[in-house]
Amino acid sequence: MAKDKLHQNNIVNNNKEPVDFVRRIIAADLAAGKNNGRVHTRWPPEPNGYIHIGHAKTVLLNYWIAKEFGGRFNLRFDDTNPEKESVEYIESIIEDLCWLGVDWEDRLYYASDYFEQLYEWAEKLIQAGKAYICDLSSEEISQYRGKAIQSGDKIITPPGKDSPYRNRSAEENLDLFRRMRAGEFPDGSKTLRAKIDMAHSNLNMRDPIMYRILRTTHHRTGDRWCIYPTYDWTHGQSDSIEGITHSICTLEFENHRPLYDWFLQQLAVFHPQQIEVTRMNLSYTVLSKRKLLQLVEQGCVDGWDDPRMPTLSALRRRGYTPAAIHDFVRRIGVTKSESIVDVALLEHCLRQDLNKHSPRVMGVLAPLKVIITNYPDDRVEYLTAINNPEDVTAGTRNVPFSKVLYIEQEDFMEDPPKKFYRLAPGREVRLRYAYLITCTDVAKDEQGNIKEIYCTYDPATRGGNTPDGRRVKGTLHWVSAPHAIDGEVRLYEHLFKKENPLLVDKGEGWLENLNPNSRIILTDCKLEPSLAEAKPGDRFQFERKGYFCVDIDSERAKPVFNRTVTLRDSWAKLIRREQGKKSDFSRSS
RNA sequence: UAGGGCGUAGCCAAGCGGUAAGGCAACGGCCUUUGGAGCCGUGAUCGAAGGUUCGAGUCCUUCCGCCCUAACCA
């Protein structure tokens with residue numbers, strides 16, 4: 001027994017990475033000779049919105065499993081509700097999946113491809129007395145099903161009762177069904193229902209709806225149909241047609257599995273196995289197409305690809321890499337327990353990848369002018385900077401240095417606190433790859449705001465080295481003023497203030513948890529001249545500030561950068577902690 | 001309420017009767033021409049209570065909590 005288990009593990013995985021329950025099931029099926037050793041998965045998105053990071057988890061799970069077991073993977077659009085679906089969404093989903101690196105080869109399918117087959121099967125069920133046409137209204141059906149009733153503080157679940165149309169003859173049902181298809185009846189006036197069991201403890205088995213009348217133009221089948229199959233009637237059969245062996249879906253479909261199985265049994269066709277896994281939740285955001293749509297429609301964000309959104313197109317625009325998402329999905333695992341994954345893990349995976357691959361540049365986000373008083377007026381030096389200390393093959397570049405520079409406003413303090421080891425009057429710091437400078441003077445305007453500062457440089461420290469071995473605590477990034485290019489930088493924070501935005505106090509809505517600082521636009525940034533060449537999608541690390549990606553709004557004269565993610569910042573953390581302490585103190589006193 | 005599912009550290013998650021992996025976060029420290037990166041170190045008796053067993057996170061019973069469904073959406 002123990003040996004068997006070990007053997008199963010070996011099939012899927014010869015390193016020590018734990019194997020999840022889904023892969024375990026598949027390995028066991030394979031070992032038992034099920035499906036002739038075939039593994040075939042699929043991912044069935046409904047094209048009714050853009051896909052998000054949560055979807056990335058389930059597609060990758062399906063795609064990877066197929067690859068690992070030497071099987072196949074299909075992409076199938078579950079397009080049975082034309083009212084909500086569109087080609088825009090189909091196109092975006094395909095684009096996002098390609099970017100993610102998911103490959104369905106030539107197996108791109110649509111549930112709507114199977115409408116005719118589904119219709120024939122429906123007739124077959126009718127003829128077998130397993131389905132009937134029902135004239136009950138939507139509200140009546142719900143009533144007959146045994147809709148839960150609130151009685152006092154208790155909820156009562158009445159048993160279902162048969163529809164008065166339940167015992168129509170097969171002939172009558174067939175006739176009515178054909179006339180439904182022919183368009184003889186108004187929308188919503190009739191449905192085709194499976195004849196199962198109105199007393200079943202699982203509500204899904206109480207004569208579920210298979211077809212509804214709906215005169216809506218379908219994005220693929222046009223006006224060919226005025227009746228559309230429901231999800232339950234479509235899904236399992238589509239899986240069966242495609243020869244899917246393992247149909248992986250999310251937990252909320254667990255209740256539907258008996259129905260999934262029932263239809264396939266009645267039709268006596270190939271029977272895939274449905275396996276449910278938990279859906280991903282991420283902290284500080286929402287992952288529900290309905291809610292994301294709401295954010296878009298209400299203008300809370302600029303669109304589906306607004307870099308604050310958790311959609312794949314937004315993450316791509318913001319600068320996320322497919323590799324980071326792969327790593328993240330791999331790390332969170334596959335289980336059935338409901339969870340909210342900490343977005344910090346995603347950001348960790350991102351930094352990990354970006355650190356290895358992003359060229360480093362210098363950019364000053366909030367500039368403060370520095371004048372090197374002992375530096376010759378017209379002199380310009382080109383100093384050598386390392387492009388990526390994590391990657392020697394990335395080489396070096398030359399950065400211009402001159403008498404007037406910009407440094408970050410926050411890197412200078414007139415009256416610095418204890419652990420601040422950047423620039424202050426009388427203090428010496430290093431300008432990265434350049435010189436050590438000492439602040440000698442501060443110029444202010446009438447309001448007392450610091451206008452510019454004056455420093456001297458030590459010519460012996462070219463490149464940032466100290467021949468005498470003296471040490472400086474701080475190293476600052478900088479940009480030569482006459483050489484700098486202007487740029488716009490968009491800083492992003494979490495879209496929501498709360499870890500779980502859906503947790504709201506009574507009388508409040510989740511939209512009130514939106515973070516008002518989720519986007520801050522800086523328009524007066526000074527960037528090193530090499531950035532003039534940057535193209536949309538290019539990624540960089542701005543030294544000491546974070547990872548940035550050129551936005552599609554960029555223009556040659558004025559590049560726009562999205563902050564993908566900050567660097568880990570122990571100084572910022574220290575400050576936050578201090579402030580936290582202070583505010584705690586003031587609150588309690 | 002009925003049916004289905006879940007409950008291992010702040011967050012994920014291994015564990016499959018033999019005495020609690022790993023990652024993220026957090027907190028210390030080392031190192032550092034990014035307060036970056038890297039390196040080292042620090043934490044749980046497993047929802048609760050009973051029971052079976054030489055031995056239980058793992059088996060049984062009861063209880064508690066949370067989630068899903070109750071759509072002619074998927």
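Quick note on labels: first sequence line is chain A, next is B, and so on, each numbered from 1.
Nucleotides B/A26 and B/A70 place their C1' atoms 43 Å apart, quoted to the nearest Å. The gap from the C1' atom of B/A20 to that of B/A14 amounts to 10 Å, rounded to the nearest Å. Comparing the P positions of B/U58 and B/U53 gives a spacing of 16 Å, expressed to the nearest Å. Between B/G57 and B/C46, the distance separating the two P atoms is 7 Å to the nearest Å. Distance check on atom C1': B/A44 versus B/C12 gives 15 Å, rounded to whole Å. Rounded to whole Å, the C1' atom of B/G41 lies 15 Å from the corresponding atom of B/C31. As rounded to the nearest Å, B/A74 and B/C60 have P atoms that lie 38 Å from one another. The same atom, C1', is picked in B/A37 and in B/U42; the two are 22 Å apart, to the nearest Å.
Across all strands shown, B/G43 remains unpaired; no Watson-Crick or G-U wobble contact has both distances below 3.5 Å. Across all strands shown, B/U52 forms no Watson-Crick or G-U wobble pair with both distances under 3.5 Å. Nucleotide B/U34 has no partner under the Watson-Crick or G-U criteria, as no pair reaches both atom distances under 3.5 Å. In this structure B/A74 sits in no base pair that meets the Watson-Crick or G-U test at under 3.5 Å. Nucleotide B/G10 is matched to B/C24 when pairs are restricted to Watson-Crick or G-U wobble geometry with both distances under 3.5 angstrom. Of the nucleotides present, B/G5 is the one that pairs with B/C66 by Watson-Crick or G-U wobble criteria, both distances under 3.5 Å.
In the interface, the side chain of A/Q541 is paired with the base of B/U34 through a donor and an acceptor atom under 3.5 Å apart. No hydrogens or angles were tested; on distance alone, nothing pairs the side chain of A/N202 with the base of B/U69 as donor and acceptor under 3.5 Å. Not a single donor-acceptor contact under 3.5 angstrom links the side-chain atoms of A/E499 to the base of B/G10.
Across all strands, A/D569 comes closer than 4.0 Å to no nucleic acid atom at all (heavy-atom distances). If you check every strand for non-hydrogen atoms under 4.0 Å, A/S283 touches nothing. A/A148 comes within 4.0 angstrom of a nucleotide base, judged by non-hydrogen atoms across all strands. When heavy atoms are screened at a 4.0 angstrom cut-off, A/E46 is found touching the sugar-phosphate backbone but no base atom. A/V565 comes within 4.0 angstrom of nothing in the nucleic acid, heavy atoms only. A/P389 comes within 4.0 angstrom of a nucleotide base, judged by non-hydrogen atoms across all strands. Within 4.0 Å (heavy atoms only), A/Y547 reaches no atom of the nucleic acid at all. Residue-level contact check: A/T80 touches the backbone only, with heavy atoms under 4.0 Å from sugar-phosphate atoms and none from bases. Residue A/R206 is out of contact with every strand shown, counting any heavy-atom pair closer than 4.0 Å. Within the nucleic acid shown, A/L431 has no heavy atom closer than 4.0 Å to any nucleic acid atom. Among the heavy atoms of the strands, none lies under 4.0 Å from A/H200. Within 4.0 Å of A/L436, counting heavy atoms only, lies no atom of the nucleic acid at all. Backbone-only contact: A/K573 has heavy atoms under 4.0 Å from sugar-phosphate atoms and none from a base. Within 4.0 Å (heavy atoms only), A/S142 reaches sugar-phosphate atoms of the nucleic acid but no base atom.
Taking the side chain as every heavy atom from C-beta outward, A/T80 and A/F115 approach each other to under 4.5 Å.
Taking atom CD of residue A/E254 and atom P of nucleotide B/C66, one finds them 19 Å apart after rounding to whole Å. If you measure from atom CD of A/E140 to atom P of B/C72, you get 12 Å, rounded to the nearest angstrom. Taking atom CE of residue A/M205 and atom C1' of nucleotide B/G4, one finds them 13 Å apart after rounding to whole Å. As a whole-Å value, the separation of A/Y433 OH from B/U33 P is 11 Å. Rounded to an integer number of Å, the gap from NZ of A/K336 to P of B/A14 is 13 Å.
The six-membered or imidazole ring of A/F561 lies near that of A/F542, with a centre-to-centre distance under 6.0 Å. Between A/H235 and A/F253, the distance separating the two ring centers is not shorter than 6.0 angstrom. Residues A/Y110 and A/F77 place their aromatic rings such that the two centres sit under 6.0 Å apart.
Set against B/A74, B/G10, B/G3, the side chain of A/R212 has B/A74 as its closest nucleotide. Minimum atom distance to the side chain of A/R432 is reached by B/U34, of the listed B/C24, B/U34, B/C6. Of the candidates B/G38, B/C24, B/C72, B/C24 carries the atom nearest the A/R331 side chain, counting heavy atoms from C-beta on. Nearest to the side-chain atoms of A/F253 among the listed nucleotides B/U34, B/A13, B/A74 stands B/A74. The side chain of A/L345 has B/C24 as its nearest neighbour among B/C12, B/G3, B/C24. Side-chain atoms of A/S337 lie closest to B/C6 of the nucleotides B/U34, B/A74, B/C6. With distances taken from any side-chain atom of A/N255 to the nucleotides B/G36, B/C27, B/U69, the minimum falls on B/U69. Of all nucleotides listed (B/C12, B/C72, B/A37), B/C12 comes nearest to the side chain of A/I340. The side chain of A/K147 sits closest to B/A70 out of B/A70, B/U34, B/A25. Comparing B/U34, B/A37, B/C12 against the side chain of A/R568 picks out B/A37 as the nearest.
Of the residues listed (A/K289, A/E88, A/H55), the one engaging A/Y50 in a side chain to side chain donor-acceptor pair (under 3.5 Å) is A/E88, and it is the only one. A salt bridge (Lys or Arg N to Asp or Glu O under 4.0 Å) with A/D411 is found for exactly one of A/K545, A/R427, A/R544, namely A/R544. Partner of A/Y211 under the ring-ring contact (aromatic ring centres under 6.0 Å, His included) criterion, out of A/Y228, A/F177, A/W225: A/F177 alone.
Taking the six-membered ring where tryptophan is involved, the planes of A/W478 and A/F401 are perpendicular, since the angle between them exceeds 60° and thus also 30°.
A distance-only check finds a donor-acceptor pair linking the side chain of A/H218 to the backbone of A/D79 [under 3.5 Å].
Here A/T335 reaches the OP1 or OP2 of B/A13: one of its side-chain N or O atoms lies under 4.0 Å away.
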